[in-house]
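To keep things clear, I will list the structure first and then write my remarks on it.
Since the model is a prediction, treat every value here as computed from it, not as a measurement. Side chains are part of it too, since the values below use all heavy atoms of this structure and drop only hydrogens, waters and symmetry mates. Lettering of chains follows the sequences in order, A, B, ..., and the numbering in each one begins at 1.
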Amino acid sequence: MTADTASAAKTGPSRSEIDQTLRAILRDVLGLDQAQVDGFDGETGLFGHLPELDSMAVAGLLTEIEDRLDIVIEDEDVDGEMLESYGGLLAFTEAKVVEG
Amino acid sequence: MYATWPCPLPDGSTGEEMALRFDKDRPRRLLMIPPMFDEANKFRHQVTEIMRRFDANGVDCVLPDLPGCNESTAPLADQSIAGWRTATVAAAAHFAVTHVFAVRSGGWLMPDTLPSWIYAPVKPRQVLRGMLRARSLAAREAGVSESSEDLLASGRQEGLTLAGWDLGGALIRELDEGEFAPPADAVTIEQGEVGGKPLWLRAENDHDPAQADTLAGIILGGLAD
């Protein structure tokens, strides 16, 4: 138990935890059901595809990702590619968690 | 349902602002302090849902407009958090409230002389960061490069329009310095207690009757103690 806790703290959240956290945040931001966000794949379009995801909503989304995954996302990290699709956002977030 | 109230303004004069209220001269009277800026719109429906539940359960409640907010004709750019706090204290006295319920950033304005609840408090810097980020994202989409750091530096001096909100330099400095917080003895209600999806995260405005029931229930329980 103690060993597990220590190792979790050292390595941070696993890839599947990051995936689940991101889906939960998108569920909350977009007001979707869990089943709908469970159906997201790497190609699912985000910014530019979902009219409700405007700049204020994206700002809220990024701040919530920072809070829940304990990372910092700088302005210059944010580009169209990372927000274009679910796969892009997941890959970006995983890289940030590893970096952090 | 709608009333006006005499509101102190930054220049020392008194203006007239609107208030939404359920007032039947009952002994328990709640002052509602909604969140500011973007979240004010996101929560307007939900705050009135909660007020209807207080009314149905024998509790008066009032939601006063602050200068520069909602239906107010005062320019937003002239307002400050300190000024809104003064206005909130004046509203509490004018409507003779006995308790206070604030939502999110509304917690910065809570009078510290009345028993109170704060739902999902947020820090001034977090709110400012969100608005700065929204502006730099929108600028980038339009092909203009604006960094949050540069925006903040000039905004502290000259004010700044962020996410459609025309904020004066004093207000930007207050948000950046982050000194405003709910009173230490306010009862905090976190989203985990309420359940459901946090409405402030929603891209589209929404309301949630089940969350309104739970929130009102927590406060009605506290009022009955």
* Asked: What's the shortest heavy-atom distance between A:Asp28 and B:Pro198, and which atoms?
  -> OD2-CD, 3.5 Å

* A:Leu32 backbone acceptor or donor facing B:Lys197 side chain under 3.5 Å -> yes

* Looking only at heavy atoms, what is the nearest atom pair of B:Leu201 and A:Arg68, with distance? -> CD1-NH2, 3.8 Å

* Structure fact -> The interface call for A:Leu62 against chain B, heavy-atom contacts under 4.5 Å, is both

* Portion of A:Asp54 that has a non-hydrogen atom of chain B nearer than 4.5 angstrom -> neither

* Please say whether more than 12 non-hydrogen atoms of neighbouring residues, nucleotides or ligands are located less than 6.0 Å from CD in A:Gln36. => yes

* Above 12 or not: heavy atoms from other molecules or residues under 6.0 Å from CD of A:Glu43? -> no

* Please report the closest heavy-atom contact between A:Ser55 and B:Ala138, naming both atoms and the distance. => OG-CB, 3.7 Å

* Option from A:Leu61, A:Thr63, A:Val58 for which side chain to side chain contact (heavy atoms under 4.5 Å, CB included) with B:Arg133 holds -> A:Thr63

* Asked: Of the listed residues (B:Arg140, B:Glu149, B:Glu146, B:Glu141), which shares the most heavy-atom pairs with chain A below a 4.5 Å separation?
  -> B:Arg140

* To do: Calculate, to the nearest 0.5 Å, the distance between atoms CD and CG belonging to A:Glu52 and B:Asn205 respectively.
  => 12.0 Å

* State the CZ-CG distance between B:Arg135 and A:Asp75, to the nearest 0.5 angstrom. => 12.0 Å

* A:Leu26 portion near chain B, given a 4.5 angstrom heavy-atom threshold -> neither

* Asked: Do other residues, nucleotides or ligands put more than 12 heavy atoms under 6.0 Å from A:Asp79 CG?
  -> yes

* Over all heavy atoms of both residues, which pair between A:Met56 and B:Asp38 is shortest? Give the atoms and the distance, please. => CG-OD2, 3.4 Å

* Structure fact -> Minimal heavy-atom distance between B:Gly130 and A:Ala59, with the atoms involved, is O-CB, 3.4 Å

* To do: Check whether A:Glu64 gets within reach of chain B through its side chain, its backbone, both or neither, counting any heavy atom under 4.5 Å.
  => side chain

* Please look at B:Ser136 and chain A and tell me whether the side chain, the backbone, both or neither of the residue comes under 4.5 angstrom of a heavy atom of that chain. => side chain

